[in-house]
Participant: 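Quick one: structure below, then a few questions.
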There are 2 protein chains.
Amino acid sequence: MNKKTGGLAGLVVGDTAISTVGIEGLDLTYRGYSIHDLAEQSTFEEVAYLLIYGELPNRSELQAYQEKLMMLHELPDEIQTLLEIIPVTTHPMDVLRTACSLLGTLEPESAHYSQQEIADRLIASVPSMLLYWYHFHRDGKRIQTGSNQPTIAGHFLQLLNPEKMDETFRRAIDISLILYAEHEFNASTFAARVTTSTESDFYSAIVSGIGTLRGPLHGGANEAAMDLIQLFKTPEEAEKGIHEMLNKKMKIMGFGHRVYKISDPRSDIIKTWSKKLSEKTNDKSLFKISEKIENVMRSEKKLFPNLDFYSATTYHFCGIPTAMFTPLFVMARLSGWSSHIIEQRKDNRLIRPDANYVGPAPRPYVPLDLRD
Amino acid sequence: MNKKTGGLAGLVVGDTAISTVGIEGLDLTYRGYSIHDLAEQSTFEEVAYLLIYGELPNRSELQAYQEKLMMLHELPDEIQTLLEIIPVTTHPMDVLRTACSLLGTLEPESAHYSQQEIADRLIASVPSMLLYWYHFHRDGKRIQTGSNQPTIAGHFLQLLNPEKMDETFRRAIDISLILYAEHEFNASTFAARVTTSTESDFYSAIVSGIGTLRGPLHGGANEAAMDLIQLFKTPEEAEKGIHEMLNKKMKIMGFGHRVYKISDPRSDIIKTWSKKLSEKTNDKSLFKISEKIENVMRSEKKLFPNLDFYSATTYHFCGIPTAMFTPLFVMARLSGWSSHIIEQRKDNRLIRPDANYVGPAPRPYVPLDLRD
């Protein structure tokens, strides 16, 4: 696709009732609820339920949902076998792409196993997949993948390092999962909808989502932001370094957004948490470096930080390895992808665009022995 | 997406130099060469080379390419382990989706392992993946996945059943691979391009393609066509049955096309082969039933058969189980997907459309204990 027509930028390609950035493009709502209210007052499980089942759960529905997710943490033996043969050097997104694909062969979608059941199963088991693989290859340990944690954030932290379980860290991750849960027709969600549009199965659509989120222009941005921040030891170094990078026309990850033009409403929320955790962990440099980078980007490029930028340090302060940042995005976005797959199926039409041909004009065939 | 705006039908979303149906939408060319010339005079390996490397190979290039593919047939041990744990009841497309995803962890893309190398490896090894899995679960046999067959069609037939190797069957499959190799911005190719547009890796894009092709509105159509044809014992039964299905407004698979409006130029070519193989195998009914269905669809619905319809019987006469029809489509389309991934990367822009919001208006948050 060429720059002009490619990218479908600004092109409305369909309807959705799931989320919107609003008429002015300044807010974000999930099924009508402001992201500010959701981040402040609700939990990721409430948000996942809202997205997948259409309304916020009441107390008994929420309790039943959390109990259900807790029952779905454990992995089939075949998934464990797979995770053991995937090399330690693998990109964790490739681990999740492959393990979710295999799960689709072990627990296939059918008339008796509905799309919502699969969505819940994936949300409950993806943290287990990631951390089983991680501990097996890092420590040679086969961990138990069940936990008694009633939240996905808690389950993730428990499996990552039970000794570091901490309610502030848990809530920070919980909120980041809320913020990452859903974002309209972003590239990975759109890919999941294209896959769904051929009437393929639920897992195929999720696997397309994971593979698409993997790219540094999408989910990979929070990892790239962390790498950037860690390049510098002081705010002064960062100021100088970012200016140099801008002079060399290098891309600075974690700033600007295809849809938001003035600011990303999620950024202020996660920045507050990054600051809070910086204080809690006695961080002396990373948060200040981040703010300096933000200031330079605002003054030099008129660009604002997006969700990915302060998510990086937030995760880092929680003790999460950088390579797990994009997988955390998967854990959250599984809820958004699922709701879009369900929505696409309700009124489906094959997504099959046209192309503008710019190749060779019709030419006569040249038999093999007459070719140069 | 709603019916009106959804599906991107007729909407030009980008440029391609790979294939076109021509200004009148009546022909199909790969890089300028007519599909009629290619099917008559070339081989799938020449076509794959044309798509991936940009020009038809000369004799020494073709020989080197075929020798290279022959060296790439065999599977890593880890892939064999995976294929052994994937249940026998699995949809073969899920087998390929998972095995290609795992291959991406074992032989990842890198500065030292280029996209063309990966394309060639996938084309050479996907038949091996399918048939290793098939024989292990069907006969409890661990087959050798190498072969001395210099063509993909021959390699596939050799691994399927070496006793049934036959040059007419081989050439029929070879031609069907040519016809299925590439088709502009079809849904699976578009999905692969969306995945590529986030700068994700080659395997992620291929896996999106496989998962998208899996659906019955796309690659699954040739299997559905076979199931349809086998519903009937005689042409008379078929005539009556199709009329009944049309009266019940049931969808008849293998007819019409999103892009072609008058006919599918590939259909005549594959129909000739279906007829030839019908005679060779002393088929008394299936070809005649197919022609009857074609006639009813033309007279009642003004719909023409697309490539999938006569591909079904062509494969069937070659002794190929119906569940392998869509995987054969994968073996062919890997070449088209690969060329589109390479093209997308040359001038990439993130593919991220907008949506029309039709959901709830902004609403106040209701705390958990106040919900109904």
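All chains are named by letter (A, B, ...) in the order of the sequence lines, taking the proteins before the strands, and each is independently numbered beginning at 1. Since this is a predicted model, take the numbers as computed values, not measurements. Note that these values count all heavy atoms, side chains included, but never hydrogens, waters or copies made by symmetry.
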Participant: Looking at A:P360, A:P364, A:A355, A:A192, which one has more heavy-atom pairs under 4.5 Å with chain B than the rest?
Facilitator: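 Most heavy-atom pairs under 4.5 Å with chain B: A:A355.
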Participant: Does A:R258 reach the main-chain N or O of B:L350 with its side chain, forming a donor-acceptor pair under 3.5 Å?
Facilitator: yes
Participant: Counting heavy-atom pairs under 4.5 Å with chain A, which one of B:D354, B:L11, B:D369 comes out on top?
Facilitator: B:D354
Participant: Who wins among A:D27, A:T189, A:T29, A:L102 for the most heavy-atom pairs under 4.5 Å with chain B?
Facilitator: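 Counting heavy-atom pairs under 4.5 Å, the top option is A:L102.
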Participant: How long is the span from the NE2 atom in A:H257 to the CG atom in A:N306, to the nearest 0.5 Å?
Facilitator: 6.5 Å
Participant: Please name the pair of heavy atoms, one in B:Y357 and one in A:G32, separated by the smallest distance, quoted to 0.1 Å.
Facilitator: OH-N, 3.7 Å
Participant: So which part of A:A361 gets closer than 4.5 Å to some heavy atom of chain B, the side chain, the backbone, both or neither?
Facilitator: backbone
Participant: Please round to the nearest 0.5 Å and tell me the distance separating atom CG of A:L56 and atom CG of B:L368.
Facilitator: 9.0 Å
Participant: Let me know if A:D77 has heavy atoms under 4.5 Å from chain B in its side chain, its backbone, both or neither.
Facilitator: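 For A:D77, no heavy atom lies under 4.5 Å from chain B.
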Participant: If you tally heavy-atom pairs under 4.5 Å against chain A, which of B:P353, B:S204, B:S208 wins?
Facilitator: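 So the answer, after comparing B:P353, B:S204, B:S208, is B:P353.
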Participant: Among B:H340, B:E78, B:R214, who wins on heavy-atom pairs under 4.5 Å with chain A?
Facilitator: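 Heavy-atom pairs under 4.5 Å are most numerous for B:R214.
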Participant: Chain B heavy atoms under 4.5 Å from A:L62: which part of the residue, side chain, backbone, both or neither?
Facilitator: side chain
Participant: Which residue out of B:P216, B:G104, B:A187, B:S197 racks up the most heavy-atom pairs below 4.5 Å with chain A?
Facilitator: B:P216
Participant: Please check if the side chain of B:E61 supplies one atom and the backbone of B:N58 the other of a donor-acceptor pair under 3.5 Å.
Facilitator: yes
Participant: Taking atom NZ as the centre, does B:K251 end up with more than 12 heavy-atom neighbours from other residues, nucleotides or ligands that are less than 6.0 angstrom away?
Facilitator: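 Open: at most 12 neighbouring heavy atoms sit under 6.0 Å from NZ of B:K251.
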Participant: Donor-acceptor pair, distance only, cut-off 3.5 Å: does the side chain of A:H137 make one with the backbone of A:I86?
Facilitator: yes
Participant: In plain terms, say whether B:E46 and B:R31 are close enough for a salt bridge, that is, a side-chain N and a carboxylate O under 4.0 Å apart.
Facilitator: no
Participant: Could you tell me which of A:I85, A:T105, A:V194, A:L82 has the largest number of non-hydrogen atom pairs under 4.5 Å with chain B?
Facilitator: A:T105
Participant: Can you see which heavy atom on A:Y65 is nearest to which on A:Y53, and at what distance?
Facilitator: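 Looking at all heavy atoms of both residues, the closest pair is CE1-CE1, 3.9 Å.
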Participant: Counting distance only, does the side-chain N/O of A:Y30 pair as donor-acceptor with the main-chain N or O of A:I178 below 3.5 Å?
Facilitator: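 Indeed, once roles are kept as given, a pair shorter than 3.5 Å links the two residues.
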Participant: Using modelled atom types and a 3.5 Å cut-off, is there a donor and acceptor pairing between side-chain atoms of A:Y203 and backbone atoms of A:E107?
Facilitator: yes
Participant: Between A:R352 and B:E184, is the closest basic N to carboxylate O distance under 4.0 Å?
Facilitator: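 Looking at B:E184 and A:R352, the cut-off is met.
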Participant: Would you mind telling me which of B:P367, B:G219, B:A205, B:S19 has the largest number of heavy-atom pairs within less than 4.5 Å of chain A?
Facilitator: B:S19
Participant: Quick check on B:P57 against chain A: is it the side chain, the backbone, both or neither that has a heavy atom closer than 4.5 Å?
Facilitator: both
Participant: Report yes or no: do A:T98 and B:S101 form a side-chain donor-acceptor pair below 3.5 Å?
Facilitator: yes
Participant: Work out which heavy atom in B:R345 is nearest to a heavy atom in B:F202; give both atom names and the distance.
Facilitator: NH2-N, 3.2 Å
Participant: Using a strict threshold of under 4.0 Å (side-chain N to carboxylate O), is an ion pair present between A:R193 and A:E343?
Facilitator: yes
Participant: Which residues in residues 36-43 of chain B have any heavy atom lying under 4.5 Å from a heavy atom of chain A?
Facilitator: B:D37, B:L38, B:Q41, B:S42
Participant: Using heavy-atom distances under 4.5 Å, tell me whether B:P108 contacts chain A through its side chain, its backbone, both, or neither.
Facilitator: neither
Participant: Looking only at heavy atoms, which of residues 87-94 of chain A get nearer than 4.5 Å to chain B?
Facilitator: A:P87, A:T90, A:D94
Participant: Minimum heavy-atom separation for A:G211 and B:S200, please, with both atom names.
Facilitator: O-OG, 2.6 Å
Participant: Can you say whether A:N186 sits under 4.5 Å from chain B via the side chain, the backbone, both, or neither, judging by heavy atoms?
Facilitator: both
Participant: Taking B:G359, B:P362, B:S60, B:A17 one by one, which has the highest count of heavy-atom pairs under 4.5 Å against chain A?
Facilitator: B:A17
Participant: Measure centre to centre between the rings of B:F329 and B:H183, then say whether the value is under 6.0 Å.
Facilitator: no
Participant: Counting only non-hydrogen atoms closer than 4.5 Å, does A:V259 touch chain B with its backbone (N, CA, C, O), its side chain (CB onward), both, or neither?
Facilitator: side chain
Participant: Considering only heavy atoms and a distance below 4.5 Å, find which of A:I18, A:D201, A:D372, A:T81 pairs most often with chain B.
Facilitator: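 Of the options given, most contacts go to A:D201.
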Participant: Using modelled atom types only, decide if a donor and an acceptor are shared between the side chain of A:T195 and the backbone of A:A191 within a distance under 3.5 Å.
Facilitator: yes
